[in-house]
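Have a look at the structure below before the remarks.
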Amino acid sequence: MTTLASGTDTLTRDALTVLQPGFAGTSAPDWLLRRLGEGLASVGLFGRNIASPEQLAALTAQLRTERDDVLVAIDEEGGDVTRLEVRTGSSFPGNHALGAVDDTDLTRQVAFELGRRLAACGVDFNWAPSADVNSNPGNPVIGVRSFGADPDLVARHTAAYVSGLQAAGVAACTKHFPGHGDTAVDSHLALPRIAVDPAVLAERELAPFRAAIAAGSRAVMSAHILVPALDPNHPATLSHRILTDLLRGELGYGGLIVTDGMEMQAIAGTYGIEHGSVLAIAAGADAICVGGGLADDETVRRLRDALVAAVRAGDLPEERLADAAERVRALARWTASAAASADRTGAHTDIGLVAARRALRRTAGAPVTPLTDAPYVAALTPVANIAVGDETPWGVAAELARLLPGTETGSFAGEDAGHAALIAAGERRIVAVVRDEHRHPWMTAALDTLLAARPDTVVVEMGVPQAPPRGALHLATHGAARVCGRAAAEVIAGA
C-alpha cells in the first residue's frame, strides 16, 4: 500500500482522506500528487481533465503511481451529463430515455457498458445514477437526468443501473438524497425547498433510494435542499436527522455518504465551504465533494484545516472524522476487489445507440416522407444548466449532415427566434430542435411562428416531452445525447 508522508499526523490524514477535490488540466499537478502522499484518498474528474480515453488512462495511472488505492471519481451520468465524451456528446442516452423504454435489462446493460469504459480508463467511482423522481415538470436541473415521474419506475431502473455499473467494478453513487425532483430551483444557484409531508416523501422521493440500497449501492450523494418535513433548519447535506437518523438509521444504509459539490451556492452562499464541510461531516457525511468550480491546492488546504480546527475546538468529534475516513478507505478496498473480480466479457459496445433508438417516440398527423434534400436545422437553444454545462454539443445537425450532406444549422433564442430562423432557413425544409419546450415560453412562441409559416416543419424535442406534439413530424428523443440525435436523424432521413 501507499506509504504516507512522514510527519503527517493521524488527524490531518483523516481530514485529507474525506476530501474529494478536483483540479485543472489533463495531467496531475504537483500539489495534488503531494497531497496524495500526505493522505488525500480521492480525486474527482471533470470534463476539463479529459481529452481522450488514452489520456485519461495515463492520468489515472499517474495518480496511482503516487497512491495505488486512490479513488478516482467522475460525474458520468451518460446522456446530457457526460465528462468522458464532453466534447462530442455521449454514446449513451440518459436516464429519461431509459425510463421511456422501461426495460430494466436494457438499463443494466447500458450501465454495465458505461462502467466497463470507465474502468478501462482507470476510473472506479461514478457519481451516478440520479434517483430523483422528476415530479415537478418545471425542474430546472433534473429533467432528463431522471428516469421519470413515477416512483416505482425510477426505483426499478435505479436498482438496475446500480447493479450494472457495479458489475463492471465501478462503485455507484446514487443521488441526490433525499430527492431533488420536486424543486423549481437549481441548487447550484440557491437553496431549494421541498414542502411536502412525510408520507409523500416516503412514497415518492425515498422509494428509489430504498431500491438502490437493496441493490447494494456503494455510495449515496446528499442533496443541498431544505426539506422542512424532515429538518426545518438544515439542508439535507448538513442534517443529522436526514443523513444519520433517516439514511443510516431508518433506511439501514451502511455505505459511503458523499456530499454534492460544496461550492454550489446552496451551501457556499449560505454557510461557506469551510463551515459547511464541518457541519456535513458532523451530520453524517463521509466525503466532501469539491472541485467543480474550486479546483486548487488552497481549497484543499482550507477544508483540511477547517476540519482539523473543528476537532481541536470540540465542534467535530474526532471519532466521527475517523469513522468517515475509514468509510472512504473501505470503499477503496471494495473497488480494488471489484476490479479484480469483475467479468467484463461479452461487452455490447453499441448498446447506447440501441437504447436511443428504442427510446425515440414518433408522432405524425399523416404519413411523412423522409427528407432527401439537405434541410435547415433551427436549434432553439435554452441556457444550459450548470450540471450539463455548455461544452457538450447537442442536437441533430451533425448527424443529419452525415446523412444529408449540405445540411445547415443555426442557434436561436429569445423573442425573435422564430422570425430569425425563418430568414436563415430560406427555402430549405426546416427541422426545429427544442429542449424542454414546456419550460420556455419564448420557445413555444418561436415554434408557433415557424409552424404558421412552414407547416411542414419537423420538430425534435430533446428534453422532457411535456408540450403537446406538433409539426408535420414530431420526434421525442427523451434526451440530448449524441446517440439520441443520431436516432432522430435516422428517422428524418429514412436511414
Side-chain angles (χ1 to χ4, degrees), residues 18-20 75 127 130-136 138-142 145-146 173-198 200-202 204-206 208-209 219-251 253 256-294 299 302-303 306-307 310 315-316 320-321 324 385-387:
V18 303
L19 303 181
Q20 293 190 346
D75 192 10
W127 293 317
S130 168
D132 305 298
V133 179
N134 198 53
S135 54
N136 185 341
N139 195 311
V141 67
I142 301 300
R145 301 168 66 196
S146 167
C173 182
T174 305
K175 62 188 183 185
H176 307 81
F177 187 82
H180 207 311
D182 190 16
T183 63
V185 173
D186 183 347
S187 53
H188 291 88
L189 306 174
L191 179 62
R193 177 187 177 98
I194 296 183
V196 298
D197 63 46
V200 173
L201 289 167
R204 188 178 66 186
E205 271 73 20
L206 298 184
F209 290 97
V220 167
M221 178 176 282
S222 67
H224 302 330
I225 57 175
L226 189 67
V227 188
L230 300 177
D231 186 333
N233 301 314
H234 303 97
T237 293
L238 312 183
S239 171
H240 189 278
R241 166 73 188 97
I242 292 174
L243 298 187
T244 299
D245 296 345
L246 175 59
L247 182 53
R248 290 259 186 249
E250 295 177 34
L251 300 186
Y253 176 66
L256 190 79
I257 299 176
V258 186
T259 72
D260 206 344
M262 295 300 285
E263 65 267 60
M264 294 165 63
Q265 286 303 300
I267 299 297
T270 52
Y271 296 87
I273 62 167
E274 294 99 326
H275 186 47
S277 295
V278 170
L279 292 175
I281 297 295
D286 306 304
I288 301 296
C289 175
V290 66
L294 299 172
T299 299
R302 286 166 56 196
L303 296 185
L307 291 168
D315 297 327
L316 174 64
R320 171 77 274 272
L321 181 61
N385 70 60
I386 293 174

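Residue Phe209 comes nearest to Glu205 through the heavy atom pair CD1-O, 3.3 Å, listed as atom of the first residue, atom of the second, then distance. Shown here for Asp75 and Lys175, the closest heavy-atom pair between the two residues is OD1-NZ, 2.9 Å. Across all their heavy atoms, Asn139 and Gly181 have their closest contact at ND2-O, 2.8 Å. Closest approach of Ala280 and Thr259 over heavy atoms only: CB-CG2, 3.9 Å. Taking each heavy atom of His180 and Ile142 in turn, the nearest pair found is O-CG1, 3.5 Å. The two residues Leu256 and Val258 come nearest to each other via the heavy atoms CD2-CG2, 3.6 Å.
Within the 4.5 Å cutoff, side-chain heavy atoms of Ile242 are placed close to those of Phe177. Contact check for Asp245 versus His240: side-chain heavy atoms found under the 4.5 Å cut-off. At least one side-chain heavy atom of Val196 sits under 4.5 Å from a side-chain heavy atom of Leu201. Counting heavy atoms from C-beta on, the side chains of Leu246 and Leu206 come closer than 4.5 Å. The side-chain heavy atoms of Pro178 and Ile225, taken from C-beta on, include a pair separated by under 4.5 Å. Two residues are said to be in side-chain contact when any heavy atoms from C-beta on lie closer than 4.5 Å; Ile273 and Thr299 meet this criterion. Within the 4.5 Å cutoff, no side-chain heavy atoms of Thr237 are placed close to those of Met264. Met262 is listed as a side-chain neighbour of His224, based on a closest heavy-atom distance under 4.5 Å.
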Task: Derivation and outcome, side chain to side chain contact (heavy atoms under 4.5 Å, CB included), residues Val278 and Leu307 - done: CA-CA 6 Å; Val278 170; Leu307 291 168; 4.1 Å; yes
Task: Derivation of the side chain to side chain contact (heavy atoms under 4.5 Å, CB included) call for Leu303 and Glu274 - done: CA-CA 5 Å; Leu303 296 185; Glu274 294 99 326; 4.2 Å; yes
Task: Arg193/Asp182 under salt bridge (charged side-chain N to carboxylate O under 4.0 Å, His left out): CA gap, chis, key distance, verdict - done: CA-CA 9 Å; Arg193 177 187 177 98; Asp182 190 16; over 6 Å; no
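Within the model, atoms CD1 of Ile267 and CG of Leu191 stand 7.0 Å from one another, a figure rounded to the nearest 0.5 Å. Atoms CD1 and CD1, from Ile288 and Ile281 in turn, are 4.0 Å apart once rounded to the nearest 0.5 Å.
Under the 3.5 Å distance criterion, the side-chain polar atoms of Glu263 are matched with a main-chain donor or acceptor of Gly292. The main-chain N or O of Ala219 is found under 3.5 Å from a side-chain atom of Tyr253 such that the two form a donor-acceptor pair. Without hydrogens or angle criteria, Thr244 side chain to Ala283 main chain gives a donor-acceptor distance under 3.5 Å. At least one donor-acceptor pair closer than 3.5 Å links the side chain of Asp286 to the backbone N or O of Ile257. Without hydrogens or angle criteria, Arg320 side chain to Leu316 main chain gives no donor-acceptor distance under 3.5 Å.
Ser239 and Asp231 form a side-chain donor-acceptor contact under 3.5 Å, judged by distance and modelled atom types alone.
Electrostatic pairing of Asp132 and Arg204 does not count as a salt bridge here, judged by no charged N lying under 4.0 Å from a carboxylate O.
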